[in-house]
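What you see is a predicted model; the values in this text were computed from it and never measured. In each ligand, atom 1 is the first atom listed, and ligand 1 is the first ligand listed.
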Amino acid sequence: MKPDLFEAPDYYQLDDLFTEEHKLVRDAARQWVKREVSPIIEDYAQQAKFPKQIVGGLAEIGAFGPYIPEEYGGAGLDQISYGLIMQEIERGDSGVRSTASVQSSLVMYPIWKYGTEEQKQKFLPKLASGEYLGCFGLTEPNHGSNPAGMESKFKDMGDHYLLNGAKLWISNAPFADVAVIWAKNEEGRIHGLIVERGMEGFSTPETHNKWSLRASATGELIFDNVKVPKENLLPGRSGLGAPLSCLDSARFGIAWGAIGAAMDCYDTALRYAQEREQFGKPIAATQLQQKKLAEMITEITKAQLLAWRLGVLREEDKATSAQISMAKRNNVEMAINIAREARQILGGMGITGEYSIMRHMMNLESVITYEGTHDIHLLITGMDITGHATFK
Ligand code: TGC
Ligand code: FAD
């Protein structure tokens, strides 16, 4: 793979909107990605392997629980810092950002928000340091966009719960030490449970043959009469709103992360277009390639403003779930379109692993589907503005 020459575009002087702390956090993540992710990621993606050696570094840059309070091992940062870290990591690879998103928003967040003090003390510091990796099980073989229909269930056996069911498409599953999973009790009410590796009847087979997110491990969670200790139930909230509130946090991170992938594609295409000559001049001097590049920087700038404003609203606790859906949907579509256009600017070279663009493009095919599909987020906006839900 070519050396990482990335220079971040900032067409509307967005740096003026960030505090010194935001810029420090972002620049530390940016340098770490250049040093530790860019040189190895193409090989790992080609081999469909997760680069486990980067886990410690992710913890050091604050990517595991950026906004979790320091007393639980988190970085104690604000929402915009969280977004900027996700942007920088996804600039390197969406699969690496996935690992950080799941750990922070889908494992640490529910334990922090809905867990007991004992659960927080037991799990959060180890998750923040990367000693433990976690995964989040909501999706099932028969229930993806409609998690309310989930079939996983648990029974109260007096001194423990007995858990049965299966989860599919679970990021980090094959090596996760802990899984925050969602299942129905005997009354059909959804609850979160912390399932730990080693519990009898719990297995995590890996999903192979993915063309997307190849550097992120995906798998199933199988619960075959798993005895879950009662102290592993998350008592703070039940109902579908509990897992959906975790998704709000993860979707927010993706709205920022997608900007990183788009920036990398744009920056690579701009540099290539300046250097590559055809018909006696740089292809950057042709109107057609300028149209592509000009539209890319315009869309990136709009996405940056959307993410920044959403970060301010989240920090003030004023962002709605529908606003988060709009930003996730818009920014991921923006990134995937830019990846496709950038790939064309590189001609044949665009399909090789010498450049990051094709990997970003394939990764974004998952990002546009997980955490709520592109269609589901449109329907959430539709419901929000009309008052009519079309899901049911
Ligand atoms: P609905 O009846 O609308 O809502 C049920 C309850 O939930 C509340 N609620 C929310 N609460 C917090 N945050 C949100 N975003 C919420 N949306 C809804 C709602 O108020 C209600 O509360 P209550 O108290 O009245 O019970 O639910 P529905 O069954 O009609 O479904 C709505 C729909 C379709 C929007 C929802 O099911 C949905 O978002 N589906 C998409 C599923 C999804 O996103 N799955 C993601 C799985 S995790 C994943 O992909 C991780 S990838 C990780 C990585 O690698 O990065
Ligand atoms: P379906 O729900 O079957 O949807 C199929 C198609 O139908 C989509 O185009 C959808 O938009 C459309 N559709 C569905 N309902 C409607 C409707 N009402 N109106 C119009 N169109 C509709 N899940 C987890 O729980 N944890 C994870 O860590 C996790 N990681 C993932 C990692 C990867 C790489 C992938 C690919 C997925 C991951 N997921 C995870 C699952 C992901 O959230 C689901 O794939 C996603 O929610 C969609 O569900 P589905 O694949 O079952 O598609």
remark   = Quick look: Trp169 vs ligand 1, heavy-atom contacts under 4.0 Å, and the answer is neither
ask   = Looking only at N/O atoms, are Ser101 and ligand 1 under 3.5 Å apart anywhere?
value = no
key: Atom of Ala258, atom of Asn331 and distance for their closest heavy-atom approach   = CB-O, 3.5 Å
inquiry  = Do the side chains of Glu186 and Lys155 get close enough for a salt bridge, i.e. N-O under 4.0 angstrom?
reply    = no
query = Which residue holds the protein heavy atom closest to atom 27 (O) of ligand 1, what is that atom called, and what is the gap in Å?
reply = Leu240 CD2, 3.7 Å
message = Are any of the N/O atoms on Gly372, whether in the backbone or the side chain, positioned under 3.5 angstrom from an N/O atom of ligand 1?
response = yes
ask   = How would you list, by chain and number, the residues with a heavy atom under 4.0 angstrom from ligand 2?
value = Phe136, Leu138, Thr139, Gly144, Ser145, Trp169, Ile170, Ser171, Leu213, Ser366, Thr369, Tyr370, Glu371, Thr373, Asp375, Leu379
inquiry  = Is the ring pair Phe154/His191 parallel, tilted or perpendicular, if the boundaries are 30 and 60 degrees?
reply    = perpendicular
request  = Please confirm whether the backbone N or O of Asp264 pairs with a side-chain atom of Thr268, one donor and one acceptor, at under 3.5 Å?
outcome  = yes
request  = Name the closest protein heavy atom to atom 37 (O) of ligand 1, giving the residue it belongs to and the distance to 0.1 Å.
outcome  = Pro147 CD, 3.3 Å
inquiry  = Is atom 46 (C) of ligand 1 touching the protein, meaning some protein heavy atom lies under 4.0 Å away?
reply    = yes
The one among Ser105, Ser98, Gly95 that brings a heavy atom closest to atom 55 (O) of ligand 1 = Ser98
request  = Could you check if a side-chain atom of Gln119 sits within less than 4.5 angstrom of a side-chain atom of Leu234, using non-hydrogen atoms only?
outcome  = yes
message = Going by a strict under-4.0 Å cutoff (protein heavy atoms only), does atom 23 (P) of ligand 1 have a neighbour on the protein?
response = no
message = Measuring from atom 53 (C) of ligand 1, which candidate in Lys328, Met383, Glu371, His377 has the nearest non-hydrogen atom?
response = Glu371
key: Numbered atoms of ligand 1 (with element) below 4.0 Å of Ser321, judged on heavy atoms   = 13 (N), 14 (C), 15 (N)
inquiry  = Below 4.0 angstrom, counting only protein heavy atoms, does anything approach atom 13 (N) of ligand 1?
reply    = yes
key: Residue, atom name and distance, where the atom is the protein heavy atom closest to atom 39 (O) of ligand 1   = Arg251 NH2, 3.1 Å
note = Near Ala148 (heavy-atom distance under 4.0 Å), the atoms of ligand 1 are 29 (O)
task = State whether the side chain of Ser325 and the backbone N or O of His377 hold a donor-acceptor pair below 3.5 Å, judged by distance alone.
result = no
key: Salt-bridge contact Lys291-Glu295 (side-chain N to carboxylate O under 4.0 Å)   = yes
ask   = With atoms numbered from 1 as shown, which atoms in ligand 1 lie under 4.0 angstrom from a non-hydrogen atom of Gly241?
value = 6 (C), 7 (O), 8 (C), 11 (N), 12 (C)
request  = Could you list which atoms of ligand 1 come closer than 4.0 Å to a heavy atom of Thr139?
outcome  = 47 (C)
task = On the 0 to 90° scale, with breaks at 30° and 60°, tag the Tyr132-Phe123 ring pair as parallel, tilted or perpendicular.
result = tilted
note = Checking heavy atoms under 4.0 Å, the part of Ile380 that sits near ligand 1 is side chain
ask   = Looking only at protein heavy atoms, which one is nearest to atom 42 (C) of ligand 1, and how far off is it?
value = Gly144 O, 3.7 Å
query = Should the pair Lys318-Glu316 be classified as a salt bridge under the 4.0 Å nitrogen-to-oxygen rule?
reply = yes
ask   = Using a heavy-atom cut-off of under 4.0 Å, does the side chain or the backbone of Met86 touch ligand 1, or both, or neither?
value = neither
ask   = With atoms numbered from 1 as shown, which atoms in ligand 1 lie under 4.0 angstrom from a non-hydrogen atom of Val102?
value = 53 (C), 54 (C), 55 (O)
ask   = What heavy-atom pair brings Phe223 and Ala166 nearest, and what distance separates the two atoms?
value = CD1-N, 4.1 Å
ask   = Nearest to atom 9 (N) of ligand 1 by heavy atom, Val367, Leu244, Asp248, Leu247: which?
value = Leu244
note = For Arg97, the atoms of ligand 1 under 4.0 Å from one of its heavy atoms are 56 (O)
ask   = What residues form a side-chain hydrogen bond (donor to acceptor under 3.5 Å, both in side chains) with Thr139, not counting sequence neighbours?
value = none
message = I'd like to know if Ser145 contacts ligand 1, where contact means a heavy-atom distance under 4.0 Å to any ligand atom.
response = yes
task = Could you verify whether a donor N or O on one side chain and an acceptor N or O on the other, from Tyr67 and Ser249, lie under 3.5 Å apart?
result = yes
query = Does NZ or CZ of Arg30 lie under 6.0 Å from the centre of the six-membered ring of Phe6, at an angle within 45° of the ring axis?
reply = no
query = Of the protein's non-hydrogen atoms, which lies at the shortest distance from atom 2 (O) of ligand 1, and what is that distance?
reply = Lys392 NZ, 3.0 Å
ask   = Is the NZ or CZ atom of Arg314 positioned over Phe252's six-membered ring, under 6.0 angstrom from the centre and within 45° of the axis?
value = yes
message = Would the distance check show the side chain of Lys210 and the main-chain N or O of Ser216 forming a donor-acceptor pair, the cut-off being under 3.5 Å?
response = yes
ask   = Any ion pair linking Glu42 and Arg359 (charged N to carboxylate O, less than 4.0 Å)?
value = yes
Carboxylate-amine/guanidinium proximity below 4.0 Å for Lys292 and Glu341 = no
